[in-house]
Amino acid sequence: MLSNIDDDPDEESSTVRMARYIAEEDPSSVLEVGCGDGRLFRALRREDWNAEYTGVEVAEYVVDGNRERHPEANWDVAGAYTLPVETGTVELVRSEFVVEHLVYTVRALREMVRAVKPGGQLLLIFPDFVCSGRLASQVLGFSPVPTALERLRQGRLVDSVVSLYDSRVRLPRALKTVREEVGPFPVNLRPQCLTYSEITSPDVDAVYIASKDEVEEWAYNHNLRVTFPWGRSGRFYENAHMSIHKPPRSGRQSPSE
Ligand SMILES: C[S@@+](CC[C@H](N)C(=O)[O-])C[C@H]1O[C@@H](n2cnc3c(N)ncnc32)[C@H](O)[C@@H]1O
């Protein structure tokens, strides 16, 4: 049964693009980590991909809703750090706009790769904050007001100038150098959502300073091949779409930190 949550899906969305890719790859099983309300599952069914799908989510009420809407799929309450599957049993693991919300990114990457069958793949979509020079979870200037112009309208001249400087100069520079200065897989310890809990716009709760170069480097260091099925320029420069392939037989090194 398809629900009407997204009966009219955006053909250009990453979910539809991903569903077409998966349907073409035609894996025997898909595990989705941080599946939300089941958008991908519905998109896959629209593409006539009908094999085994499991979606996991941390929020129980979200899983309950998915079970009610789509009892034909498997839905589990679980987090990215402890997936409810045997090692090497899923042909394709997929996670969209989740890794940037995790404090322990490497633990999640390792866990997702663990679930993948030899010869299978892990598909990841995430915003590349280093490439975009933007990070919605970072407070700019002295207030959470979204734009410098808006601050100016509110008569906050100093706040407006400082926020403009922060967004155009300070933040992009800090994002480019954060790995050298902080170390691998850096996180924002004070995301906006902790200071201004009333703000609910996208990524105010992002913590990992997500970078496709860093995730790619991690994968190569663990003998995992990386591809970018849609490339890594244009819209895919700021929104990474990457596939991490597990070798058909286990490599020399296991995915550990
Ligand atoms: C921005 S939403 C994306 C949802 C869905 N993938 C989509 O694209 O519609 C981020 C999702 O990650 C989930 N999430 C957050 N922390 C998680 C964790 N530790 N393990 C698994 N999922 C997590 C949230 O519950 C939320 O559904």
Side-chain angles (χ1 to χ4, degrees), residues 2-22 30-47 53-70 73-85 90 92-116 122-129 132 134-137 185 187-189 191-194 197 199-210 215 230 235-236 238-243:
L2 295 181
S3 86
N4 61 3
I5 296 182
D6 47 15
D7 270 349
D8 190 15
D10 174 6
E11 291 294 301
E12 286 296 298
S13 75
S14 51
T15 305
V16 171
R17 187 179 312 121
M18 190 61 90
R20 289 191 178 139
Y21 173 86
I22 294 173
V30 167
L31 168 69
E32 185 177 17
V33 179
C35 61
D37 67 13
R39 272 191 306 160
L40 178 73
F41 174 72
R42 289 184 291 280
L44 285 169
R45 291 304 189 244
R46 278 193 295 272
E47 295 299 322
Y53 171 97
T54 302
V56 304
E57 248 306 325
V58 279
E60 193 162 354
Y61 75 94
V62 175
V63 171
D64 287 344
N66 290 345
R67 281 182 182 142
E68 207 166 292
R69 273 191 299 275
H70 309 296
N74 309 307
W75 306 98
D76 274 321
V77 179
Y81 306 131
T82 45
L83 297 172
V85 293
V90 186
L92 192 146
V93 177
R94 183 264 194 186
S95 194
E96 174 170 347
F97 297 130
V98 175
V99 293
E100 70 274 22
H101 299 282
L102 304 177
V103 175
Y104 303 106
T105 317
V106 170
R107 271 176 64 189
L109 289 174
R110 235 190 290 151
E111 178 65 355
M112 290 191 277
V113 169
R114 180 190 70 75
V116 175
L122 164 62
L123 277 171
L124 295 175
I125 297 184
F126 54 91
D128 190 318
F129 297 129
S132 69
R134 292 188 297 275
L135 181 63
S137 63
F185 293 92
V187 290
N188 182 0
L189 293 176
Q192 280 210 40
C193 63
L194 294 185
S197 54
I199 300 178
T200 54
S201 49
D203 285 347
V204 288
D205 58 342
V207 281
Y208 166 49
I209 316 295
V215 175
W230 296 271
R235 70 165 75 166
F236 305 110
E238 295 192 1
N239 267 315
H241 286 47
M242 64 193 290
S243 175

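The model shown is predicted, which means the values in this text are computed figures rather than measured ones. Atoms within each ligand, like the ligands themselves, are counted from 1 in listed order. These numbers come from the heavy atoms of this one structure, side chains and all, not from hydrogens, waters or symmetry mates. Residue indices begin at 1 and follow the sequence shown.
The option from Val56, Leu102, Val63 that lies nearest to atom 16 (N) of ligand 1, judged by heavy atoms, is Leu102. Of the options Arg107, Glu57, Glu100, Arg39, the smallest heavy-atom separation from atom 24 (C) of ligand 1 is shown by Glu57.
At the shortest separation from atom 12 (O) of ligand 1 among protein heavy atoms lies Val98 CG2, 3.5 Å. Among all protein heavy atoms, the one lying closest to atom 5 (C) of ligand 1 is Gly34 O, 3.3 Å. From the protein, the heavy atom lying nearest to atom 15 (C) of ligand 1 is Val58 CG2, 4.2 Å. Protein heavy atom in closest approach to atom 10 (C) of ligand 1: Phe97 O, 3.3 Å. What sits closest to atom 21 (C) of ligand 1 on the protein, heavy atoms only, is Ala80 N, 3.4 Å.
Contact of the Asp203 side chain with the Arg134 side chain is not registered, since no non-hydrogen atoms from C-beta on lie closer than 4.5 Å. Contact check for Tyr104 versus Val187: no side-chain heavy atoms found under the 4.5 Å cut-off.
Remark: the backbone N or O of Ala80 is not paired with any side-chain donor or acceptor of Arg107 at under 3.5 angstrom.
With respect to the salt-bridge test (charged N to carboxylate O, under 4.0 angstrom), the residues Arg42 and Asp37 qualify.
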- Item | Candidate pair Arg45 and His70, rule side-chain contact (heavy atoms from CB on, under 4.5 Å), full reasoning | CA-CA 11 Å; Arg45 291 304 189 244; His70 309 296; over 6 Å; no
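For ligand 1, the atoms lying closer than 4.0 Å to a non-hydrogen atom of His101 are 1 (C).
Arg17 and His241 are linked by a side-chain donor-acceptor pair at a separation below 3.5 angstrom, with hydrogens and angles left out of the test.
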